[in-house]
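The figures that follow rest on heavy atoms only: side chains count, while hydrogens, waters and symmetry mates do not. We number each residue from 1, following the sequence as shown.
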Amino acid sequence: MNITNSVKYIGVNDHQVDLFEGQYVVENGMAYNSYLILDEKVAVTDTVDGNFLAQWFENLENALEGRSPDYLIVHHMEPDHSAGIAAFAKKYPQAQIVASAKAFVMMKNFFGDDFADRRLVVGEGDTLSLGAHTLTFVTAPMVHWPEVVLSYEQSEKLLFSADAFGKFGALDVEEDWACEARRYYIGIVGKYGAQVQALLKKAAGLDIAKILPLHGPILEENLSYYIGLYDTWSSYRPEDEGVLIAYTSVYGNTKKAALMLAEMLKEAGCPKVAVTDLARDDMAEAVEDAFRYSKLVLATTTYNGDVFPFMRTFIDHLTERNYQKRTVAFIENGSWAPVATKVMKGMLEKSKELTYAESTVKILSAVSEENISELKALANELVS
Ligand code: FEO
C-alpha cells in the first residue's frame, strides 16, 4: 500500500491476539503499523509484534524492490513494535539503528545488544536526511513510555506519531475511529495527560498533512477532529454531557436500582445515559465511558466490609489514570452495616476537581419506596 509516492505501508493485521497488552479485548484484532521511506537513503520505521515477523519481512522485501535499508528508525520500544529489531539488524548488517538514548538501553535489556557500532542516537530537534526527505525528531517522553520519539517528515508533511493517535482494531475491519481510539487512549495512555498536552503543543507548530500512527488507520483528512479529541482526552475534560452508571450486583437488587435510575435520567432529559455491569461488561469500555461522560454514578454492594471486588478494580482503574473534573454520585446496598459509599469516597479522595452529588441512595437489601424517591431526587439533581 502506497501512502505517498515514496512512503509505503509494510505493517500487519493481527486477528490472533487474545488480549492486547495482556489485558485488552480486541474483537476486531490489532494493526501493527510499519512504514518504508524510499529515497536516496532507505528508512524503515519500527517493526511489528513477534508473531508476525515473517509476514513483516515479506512485506518489507516486496516494498524494497531490490534495495537495502540504510536505517531502522525506532520510535517506541514496546514489543508490539520492537520485536523485530534484532532480526532486522542481523538480516541487514549495513543498516544503522536510529533511536533515542533510552531506547538503546531498552534494546540492551530486550535483546542483549545495543548496537553500539551501528547506532544513531537522536533527541529533540535532531534531523536525518534521506535525500528529498528529511526527518526531524520530536521527543515524547511518557507518551506512554519514556523512550518515545516521533518524527516529522518535512517535504510531505508526515507525522510518524508512535502510539499517539492509535486505536484498537485491525486495518481490514471497518469501524468507527473515535470509539476504539478512545478506549485505546484512556486505557493505555490515559495516565499521561500532561505529557500528551506537552506533545500537542509541539505538534501545533508543525504543518501536518498525514498522521502515521503505530496502530490504526493513517489519518489524512479533518486532522483537527482527531487532534481536538486528543486535546479533550488529555486535558481530562468530559467529551460528552451524560451519565455513566457503573454497577455491581450480587442478587439483582443493586442492578434494579441502577436500571431504574437510568430510566429516570432519560425521562428527565439527560442527553446520554450509559449503564455498565462491571462484573460482566468490558472493563476497558467502562473506564472509557467514565472518562467520556461528565457524570458518574457508582452503585455497589458492601462486601467483606469493603465494596464488591469489581467496583474496587474499576475505581482503581479510574484513579490510576488521574480521573478528575467530573460529578460523582453513589448508590450503596448493604443487608447489614452498609459502608460502600464511604469506601468509594475514600478511594476517590486524591482525585482532583470532583463534585459529589448531594442526593444519596442507601438500599438495605431490596429497593424500597424510599429508595425510589431517593433515585428520583438523584436523577433530578444530575440533570439540573
Ligand atoms: Fe503500541 Fe506502546 O506499544
Side-chain angles (χ1 to χ4, degrees), residues 14-15 17-33 49 75-81 140-146 148 161-171 173 175-197 199-200 211 213-217 219 226-227 229-240 242 244 246 274-294 296 298 309-326 347-348 351:
D14 180 357
H15 287 287
V17 59
D18 62 342
L19 292 174
F20 179 67
E21 290 197 359
Q23 62 172 312
Y24 296 101
V25 173
V26 282
E27 284 182 359
N28 288 333
M30 204 64 205
Y32 312 116
N33 297 341
D49 180 88
H75 292 104
H76 180 24
M77 275 302 295
E78 198 165 4
D80 51 331
H81 314 290
M142 298 321 295
V143 182
H144 60 125
W145 275 31
V148 173
S161 65
D163 273 342
F165 299 100
K167 69 180 272 294
F168 296 128
L171 297 186
V173 179
E175 63 179 1
D176 177 61
W177 185 87
C179 185
E180 284 296 73
R182 187 191 303 103
R183 190 168 71 99
Y184 176 92
Y185 174 86
I186 300 296
I188 291 171
V189 191
K191 179 181 173 65
Y192 302 107
Q195 290 83 355
V196 175
Q197 282 283 302
L199 174 61
L200 290 177
I211 297 175
L214 284 174
H215 302 289
L219 307 175
Y226 304 103
I227 293 168
L229 282 176
Y230 254 63
D231 184 40
T232 300
W233 298 340
S234 59
S235 59
Y236 299 98
R237 294 194 308 271
E239 184 181 336
D240 288 314
L244 170 67
V275 182
T276 184
D277 176 346
L278 295 173
R280 294 177 177 82
D281 297 337
D282 179 47
M283 184 62 78
E285 187 106 22
V287 173
E288 173 200 347
D289 278 349
F291 280 87
R292 176 176 184 176
Y293 295 116
S294 53
L296 172 65
L298 299 171
F310 299 100
M311 179 58 79
R312 175 160 281 280
T313 301
F314 178 61
I315 297 175
D316 282 340
H317 278 299
L318 299 186
T319 54
E320 74 188 39
R321 289 168 177 76
N322 292 320
Y323 184 74
Q324 55 184 274
K325 298 181 185 167
R326 304 292 193 281
M347 291 183 73
L348 291 165
S351 299

Minimum heavy-atom distance between [X] and [Y], given as atom pair plus value:
X: Arg326; Y: Gln324; result: NH1-O, 2.9 Å
X: Asp231; Y: Arg237; result: OD2-NH2, 3.5 Å
X: Ala31; Y: Leu171; result: CB-CG, 3.7 Å
X: Leu244; Y: Ala286; result: CD2-O, 3.5 Å
X: Gln197; Y: Ser234; result: NE2-OG, 2.8 Å
X: Ala274; Y: Asp289; result: CB-OD2, 4.1 Å

Are the side chain of [X] and the backbone N or O of [Y] linked by a donor-acceptor pair below 3.5 Å?
X: Lys191; Y: His144; result: no
X: Asn28; Y: Ala170; result: no
X: Tyr24; Y: Tyr184; result: no
X: Asn33; Y: Pro213; result: yes
X: Arg321; Y: Ile186; result: yes
X: Tyr236; Y: Gly193; result: yes

With a 4.5 Å heavy-atom cut-off, do [X] and [Y] have their side chains touching?
X: Val143; Y: His76; result: no
X: Leu318; Y: Leu296; result: yes
X: Glu78; Y: Asp163; result: yes
X: His215; Y: Phe168; result: no
X: Leu348; Y: Leu298; result: yes
X: Val196; Y: Tyr185; result: yes
X: Tyr226; Y: Trp177; result: yes
X: Ser161; Y: His75; result: no

Gap between atom [atom2] of [Y] and atom [atom1] of [X] - 0.5 Å precision:
X: Phe310; Y: Arg280; atom1: CZ; atom2: CZ; answer: 8.0 Å
X: Glu27; Y: Glu175; atom1: CD; atom2: CD; answer: 9.5 Å
X: Phe291; Y: Asn322; atom1: CZ; atom2: CG; answer: 7.5 Å
X: Leu278; Y: Thr313; atom1: CG; atom2: OG1; answer: 9.0 Å
X: Asp281; Y: Phe314; atom1: CG; atom2: CZ; answer: 11.0 Å
X: Arg183; Y: Lys167; atom1: CZ; atom2: NZ; answer: 10.0 Å

Give the C-alpha distance, both sets of side-chain angles, the deciding distance and a yes or no for side chain to side chain contact (heavy atoms under 4.5 Å, CB included) between Met347 and Asp316. CA-CA 8 Å; Met347 291 183 73; Asp316 282 340; 3.3 Å; yes

Would you check, one step at a time, whether the test side chain to side chain contact (heavy atoms under 4.5 Å, CB included) holds for Glu239 with Leu229? CA-CA 8 Å; Glu239 184 181 336; Leu229 282 176; 3.5 Å; yes

Determine whether His15 and Val173 satisfy the following criterion, side chain to side chain contact (heavy atoms under 4.5 Å, CB included), listing intermediate values before the conclusion. CA-CA 10 Å; His15 287 287; Val173 179; 3.7 Å; yes

Taking atom CD as the centre, does Glu320 end up with more than 12 heavy-atom neighbours from other residues, nucleotides or ligands that are less than 6.0 angstrom away? yes

